[in-house]
Amino acid sequence: MHAWLCENPVGIQALRWTEMPTPEPAPGQVRIAVHAASLNFPDLLTVQNKYQIKPPLPFVPGSEFSGVVEAVGDGVSHLKVNDRVATIGVSGGFATHACVAAAAVIPLPQGFDLDDAAAFAFTYGTSHHALIDRAGLQRGQTVLVLGAAGGVGSAAVQIAKAAGARVIAAASSDEKCAFCRGLGADASIDTSRENLREALKSITDGKGPDVIYDPVGGDLAEAAFRSIAWRGRYLVVGFAAGPIPALPWNLALLKGASLVGVFWGDFVRREPKAFSKSLAELFDWYARGLVKPAIDSRRAMSALLDAYERMASRQVRGKLLLSNGA
Ligand SMILES: NC(=O)c1ccc[n+]([C@@H]2O[C@H](COP(=O)([O-])OP(=O)(O)OC[C@H]3O[C@@H](n4cnc5c(N)ncnc54)[C@H](OP(=O)(O)O)[C@@H]3O)[C@@H](O)[C@H]2O)c1
């Protein structure tokens, strides 16, 4: 097998595409022939030693991938050879093969495309948990999605539309805004040239968005919170811009608004039944054509470094796929 090996987490330049022996699954594991993996922002942070979870060295990065079960370890009863599956974790996916805990493997419904499956659970799971569970989004409410052209942002746009909300997408270029409107956003704000507060005032007739989905942080966060509607919910999803914003607490008081944390990984670990329910609804929406990952581009698995560069330079629209062909 081949895998991208991280022996020293100092950045993407230190990763090596390496040949290694194909492992046998340990008890409780399965071996998956990886069909495709997608790039999530935490994959970028992990190889720079900046993510909250630090895998022991050396490790193979790649938190989300799809494939076919090739071998089953002792004690695994719910999976068998040739099952089509997806999996989410912290590592292992940027490879041709991976052994993973069977408990972390998601059997795919019939008809679920394997490319889509490599780019689904992480982003759609996060955005569904955030908007539906944490924010209690209701039909007819207005949602502002910051970083709307990115991975979790593009999923949030589709999920909010599927839930019957009105969606305002904010992104940093005209092209990204057009992409978001193509995903179903009702309005867009190009944050590179428009004033966010003024634009929101005009689009919402001065009322402001009921829910704000923020995977970006940085400078726009306070301006966005100042625009939130009465009883609004501000979802803290991530800090792709780098700086972690600070908020004057009086703003929450003045709007009767809530700052709501979203930590999908812990939600999956702590509330497995709620996670299964969320995933079942997403699979149903996928089958009905309400949600589908927007694939920015596909590359061979061996071209991972190009994909990392594209994400780090803020060019991605939707999801980047690394594929083992076939
Ligand atoms: N809380 C959770 O459970 C959870 C789960 C998954 C992901 N996340 C977090 O969500 C964030 C987004 O993840 P993602 O996979 O969607 O990433 P992504 O596809 O790269 O999207 C990130 C977006 O952030 C914006 N951005 C602003 N400044 C940036 C900068 N300096 N570098 C890169 N992007 C910048 C970009 O949009 P514009 O160019 O339009 O500004 C970009 O589209 C990450 O912080 C990730 O850790 C959190």
Side-chain angles (χ1 to χ4, degrees), residues 12 37-48 50-53 61-64 88-90 93 118-131 133-135 144-159 168-181 183 185 188-194 196 213-221 223-224 234-245 259-271 275 278 293-297 307-321:
I12 57 179
S38 69
L39 195 57
N40 288 289
F41 204 82
D43 297 319
L44 188 59
L45 300 177
T46 311
V47 299
Q48 299 170 321
K50 290 183 183 166
Y51 194 53
Q52 62 245 35
I53 302 169
S63 51
E64 179 173 31
I88 36 164
V90 176
F120 192 74
F122 209 117
T123 46
Y124 286 83
T126 298
S127 296
H128 187 272
H129 170 54
L131 291 167
D133 182 4
R134 301 292 286 130
L144 167 67
V145 180
L146 299 168
V152 293
S154 56
V157 169
Q158 292 183 5
I159 286 168
I168 305 167
S172 65
S173 70
D174 257 357
E175 293 74 19
K176 284 188 174 183
C177 284
F179 167 77
C180 295
R181 292 194 302 276
L183 294 176
S188 60
I189 301 172
D190 176 353
T191 51
S192 69
R193 57 177 184 79
E194 292 183 75
L196 183 70
Y213 179 99
D214 184 3
V216 181
D219 292 343
L220 288 179
Y234 192 104
L235 294 163
V236 180
V237 179
F239 311 103
I244 295 182
L259 191 67
V260 182
V262 175
F263 188 177
W264 181 71
D266 249 32
F267 164 67
V268 172
R269 278 185 287 277
R270 290 168 183 265
E271 302 181 43
F275 165 58
S278 163
I295 304 301
D296 172 280
S297 48
Y308 264 124
E309 294 287 2
R310 187 165 170 79
M311 176 169 270
S313 59
R314 219 167 148 175
Q315 295 177 60
V316 183
R317 289 177 225 164
K319 295 286 292 173
L320 278 170
L321 270 200

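By convention here, the first residue in the shown sequence is residue 1. Counting starts at 1 for both ligands and their atoms, following the listed order. Please read these numbers as outputs of a predicted model, since none were measured by experiment. Scope of the values below: all heavy atoms of this structure, side chains included, with no hydrogens, waters or symmetry mates.
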- Note on the structure: Residue set satisfying side chain to side chain donor-acceptor pair (under 3.5 Å) with N40, at least two apart, ordered chain then number -> E64, K319
- Message: What's the separation between atom CG in L183 and atom OG in S154, rounded to the nearest 0.5 Å?
- Response: 6.0 Å
- Message: Return the CG to CD distance between D133 and E271, rounded to the nearest 0.5 Å.
- Response: 6.5 Å
- Item | Partner set under side chain to side chain donor-acceptor pair (under 3.5 Å) for Q315, not counting sequence neighbours | R310, S313
- Item | Residues that S188 engages under side chain to side chain donor-acceptor pair (under 3.5 Å), provided they are two or more places apart | R181
- Task: Supply the atom-to-atom distance I53 CD1 to T46 OG1, rounded to the nearest 0.5 angstrom.
- Result: 8.0 Å
- Message: Given a heavy-atom cut-off of 4.0 Å, could you list the residues near ligand 1 in chain and number order?
- Response: N40, F41, P42, F122, T126, G147, G150, G151, V152, A171, S172, K176, P215, V216, V237, G238, F239, A240, A241, V262, F263, W264, M311, R314
